Amino acid sequence: MVDFNKVLPLARTVAFGAVCLFSLITFCLSAHIISLTNAYRRGAYYHFTALSLASSILSLISLPALYVISNKRRGAVTSFVAAEIAWLWFLWILWISSAGSTAAMYWISYCTGGVCSEAQAIEAFGFLNWLALMFYTLTLIVLAIMAHLRGHTNVWRSEVLHFDWSAPAVNKGFAGGVVAPEKHFTGTTVQSEVTYQTQVTQPYSVGTVNTVGSPALPQQYPPQQPQYPQPQQQQVFVGAPTGGMPQSPQV
């Protein structure tokens with residue numbers, strides 16, 4: 001797996017260095033052509049030379065400043081991913097415009113030497129600067145979007161050199177379109193015990209009876225009525241004397 005924490009700073013250094021070198025060459029060639037045309041006619045210049053000169057000046061001033069500030073100072077706004085993407089996008093649009101305007105000069109392809117060769121060199125270095133800045137900017141945009149989708153929404157306000165581009169996804173469940181990563185447990189499984197409290201309804205107690213060495217025993221309310229044995233009823237025959245057994249009548 002590619003470690004973008006090491007590859008991206010290296011690609012950034014190479015892209016910035018190459019663009020600064022090509023911008024310096026373009027600056028010299030554009031300034032020379034402008035001086036020649038100005039000597040031929042005062043105030044005369046080609047449009048492609050003016051645009052190439054402006055693009056090279058902006059690149060030579062901004063790119064070293066971005067590189068030095070990002071390495072020497074933490075928390076600078078110019079080092080944020082969003083700021084760097086916006087500025088580099090603007091630069092490569094300038095370079096593709098300058099290279100395209102140079103290629104639009106039809107006489108460049110039909111002459112050799114002198115101004116023609118310098119104009120062809122300006123066209124070539126303009127396209128090279130455009131390709132270098134465009135590929136680096138698109139790579140930075142793709143990495144930033146991938147980090148944002150993994151849950152790192154602060155990537156746009158982070159610094160390019162100090163952001164962890166290989167950071168895993170943030171566990172947010174299914175919120176925001178981010179799927180929670182699958183968890184794999186190894187080793188000892190920890191079991192959690194949940195204690196449930198059960199409410200027991202007890203009869204209402206009005207008092208307690210304490211005995212020595214025994215806990216208090218609740219009494220129920222209302223108190224139960226004592227139960228007495230029912231008396232047995234004696235059978236009594238009609239006409240028989242009290243307390244005697246019935247006898248048969250005598251004739």
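Quick caveat, the model's predicted, so the values are computed rather than measured. Both backbone and side-chain heavy atoms feed into the values below; hydrogens, waters and symmetry mates do not.
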Practice task
With sequence neighbours left out, write down each residue that passes salt bridge (Lys or Arg N to Asp or Glu O under 4.0 Å) with Arg74, or none if nothing qualifies.
Solution key: Glu159

Practice task
For residues 83-102, pull every pair meeting side chain to side chain donor-acceptor pair (under 3.5 Å), keeping only residues two or more places apart or in separate chains.
Solution key: Arg12-Glu84, Ser59-Trp95, Ser62-Trp87, Glu84-Tyr136

Completion exercise
The remaining residues in the hydrophobic cluster of Met146, counting side-chain heavy-atom contacts under 4.5 Å among Ile, Leu, Val, Met, Phe, Trp and Tyr, are Val142

Exercise for the section: Would you name the heavy atoms of Tyr46 and Thr37 that are closest together and state the gap between them? Expected result: CE1-CG2, 3.5 Å

Problem - Partner set under side-chain contact (heavy atoms from CB on, under 4.5 Å) for Thr13, not counting sequence neighbours - result: Tyr67

Completion exercise
Applied to residues 33-85, the disulfide (SG to SG under 2.5 Å) test, sequence neighbours excluded, yields none

Handout entry: Pairwise side-chain contact, Ile85 with Trp156, heavy-atom cut-off 4.5 Å (strictly under)
Key = yes

Exercise for the section: Please lay out, stage by stage, how Thr137 and Phe90 fare under the test side-chain contact (heavy atoms from CB on, under 4.5 Å). Expected result: CA-CA 10 Å; Thr137 305; Phe90 172 71; over 6 Å; no

Handout entry: Side chains of Ser79 and Leu161 in contact at under 4.5 Å (non-hydrogen atoms)
Key = no

Fill in the blank from the handout: Between Thr26 and Ser52 the two heavy atoms that sit nearest each other are CG2-CB, 3.8 Å

Practice task
Please check if Leu133 and Leu21 belong to a single hydrophobic cluster, counting links between Ile, Leu, Val, Met, Phe, Trp and Tyr side chain heavy atoms closer than 4.5 Å.
Solution key: no

Handout entry: Residue list, salt bridge (Lys or Arg N to Asp or Glu O under 4.0 Å) with Glu123, at least two apart or on another chain
Key = none

Exercise for the section: Would you please name every residue forming a disulfide bond (SG atoms under 2.5 Å apart) with Cys116, sequence neighbours left out? Expected result: Cys111

Completion exercise
With sequence neighbours left out, the residues meeting side-chain contact (heavy atoms from CB on, under 4.5 Å) with Leu131 are Met134, Phe135

Exercise for the section: Could you tell me which residues satisfy side-chain contact (heavy atoms from CB on, under 4.5 Å) with Ala167, sequence neighbours excluded, listed by chain and number? Expected result: His152, Asp164

Practice task
Not counting sequence neighbours, which residues clear ring-ring contact (aromatic ring centres under 6.0 Å, His included) with Phe27? List them please.
Solution key: none

Exercise for the section: Grab the two heavy atoms, one from Phe163 and one from Asn5, that are nearest each other, plus how far apart they are. Expected result: O-OD1, 3.4 Å

Exercise for the section: Heavy atoms only: give me the nearest Ala144-Val155 pair and the separation to one decimal. Expected result: O-CG1, 3.6 Å

Practice task
Give the intermediate values and the outcome of side-chain contact (heavy atoms from CB on, under 4.5 Å) for residues Leu88 and Leu63.
Solution key: CA-CA 9 Å; Leu88 295 181; Leu63 294 184; 3.7 Å; yes

Handout entry: Passing option when Asn129 is tested against Ser23, Ser55, Ser56 for side chain to side chain contact (heavy atoms under 4.5 Å, CB included)
Key = Ser23

Practice task
Examine Leu29 and Leu24 and state if one hydrophobic cluster contains both, with Ile, Leu, Val, Met, Phe, Trp and Tyr joined whenever side-chain heavy atoms are less than 4.5 Å apart.
Solution key: no

Completion exercise
The reported gap from OG1 in Thr78 to CG in Leu66 (rounded to nearest 0.5 angstrom) is 6.0 Å

Handout entry: For Phe22, ring-ring contact (aromatic ring centres under 6.0 Å, His included) partners two or more places apart
Key = Phe125

Exercise for the section: Name all residues meeting the side chain to side chain donor-acceptor pair (under 3.5 Å) criterion together with His47; count only those two or more places apart in sequence or in a different chain, and write none if there are none. Expected result: none

Exercise for the section: Treating Ile, Leu, Val, Met, Phe, Trp and Tyr as nodes and any side-chain heavy-atom pair under 4.5 angstrom as an edge, say whether Val14 and Leu140 lie in one connected cluster. Expected result: no

Exercise for the section: Would you kindly confirm whether Ile122 and Leu53 end up in one hydrophobic cluster when ILVMFWY residues are joined by side chain heavy atoms under 4.5 Å apart? Expected result: no

Exercise for the section: Report yes or no: do Leu58 and Ile96 belong to one cluster of Ile/Leu/Val/Met/Phe/Trp/Tyr joined by side chain heavy-atom distances under 4.5 Å? Expected result: yes

